[in-house]
Amino acid sequence: MTALVAAAALTAGGLALASCGGGDEPTESTTDIYDTTTTTQTTTETETTSPVAMPTVVRIVVENGQPKGGIVRRTVTEGDRVVIVVKSDVADEVHLHGYDIMRDVAGGGTARLAFKAALPGRFEVELEQRGVQIADLTVEP
């Protein structure tokens, strides 16, 4: 009988040990969270250009075949862009000497002579057929 009591005690003890830590409470688990943000660096190249200078505009009005207010005198710097605008009440050819640029102008019309002042010096602008000087352009180095 002692053997029976000892066996019962061992069985009860084994059951008690088997139930340790095995309750209904949830077990705590840990999860490691890592920041996986990726940073990308972008390099942008920009080309800087100088702003284009506006051209020097020389305006001449011709009335009765003569420059209104007298011969227009203007000075520019070598390398400047220049536009000579002639509004005329008579038909003729506008000629920029030295540069040999010519444009016809109709009576009541307008002629435009656009160029880069590449030659230093003093240049006459005239109504070619009439031989009338209407402007004097000086290009300084």
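All residue numbers in this chain count up from 1 along the given sequence.
- Side-chain atoms of Glu126 do not come within 3.5 Å of backbone N or O of Glu128 as any donor-acceptor pair.
- Here the straight-line distance linking atom NE2 of His95 with atom CE of Met102 works out to 4.5 Å at 0.5 Å rounding.
- Between the CG atom in Leu137 and the NE2 atom in His97 there is a gap of 12.5 Å [rounded to 0.5 Å].
- Val57 and Ile101 are assigned to two separate hydrophobic clusters, defined by single-linkage of ILVMFWY side chains at heavy-atom distances under 4.5 Å.
- Contact detail for Glu140 and Thr75: the closest heavy-atom pair is CD-CG2, 3.5 Å.
- Within the 4.5 Å cutoff, the side chain of Val85 has heavy atoms near those of the Thr110 side chain.
- No side-chain heavy atom of Phe115 sits under 4.5 Å from any side-chain heavy atom of Val83.
- Using a 4.5 Å cut-off on side-chain heavy atoms (C-beta onward), Val90 and Val62 make contact.
- A 4.5 Å side-chain heavy-atom check between Val86 and Ile134 finds at least one atom pair inside the cut-off.
- For Phe123, the ring-ring contact (aromatic ring centres under 6.0 Å, His included) test picks out Tyr99, with sequence neighbours left out.
- With rounding to the nearest 0.5 angstrom, the CZ atom of Arg59 is 12.5 Å from the CD1 atom of Ile84.
- When atom types are taken as modelled, the side chain of Asp92 and the backbone of Gln129 share a donor-acceptor pair closer than 3.5 angstrom.
- Shown here is Asp100, whose CG atom has more than 12 heavy atoms of other residues, nucleotides or ligands within 6.0 Å.
- In the hydrophobic clustering of this structure, Val72 groups with Val76; members are Ile, Leu, Val, Met, Phe, Trp, Tyr whose side-chain heavy atoms approach within less than 4.5 Å, directly or through other members.
- For the pair Thr56 and Arg74, the minimum side-chain heavy-atom distance is below 4.5 Å.
- Among residues at least two apart or in separate chains, side chain to side chain donor-acceptor pair (under 3.5 Å) pairs with a member in residues 114-123 are Arg122-Asp136.
- The closest donor-acceptor contact from the side chain of Asp80 to the backbone of Ala117 lies at 3.5 Å or more, if one exists at all.
- Between Val105 and Ser88 the shortest side-chain heavy-atom distance falls below 4.5 Å.
- Here the side chains of Leu127 and Pro67 are not in contact, with every heavy-atom distance at 4.5 Å or above.
- A 4.5 Å side-chain heavy-atom check between Val94 and Leu113 finds at least one atom pair inside the cut-off.
- For Arg103, there are no salt bridge (Lys or Arg N to Asp or Glu O under 4.0 Å) partners, not counting sequence neighbours.
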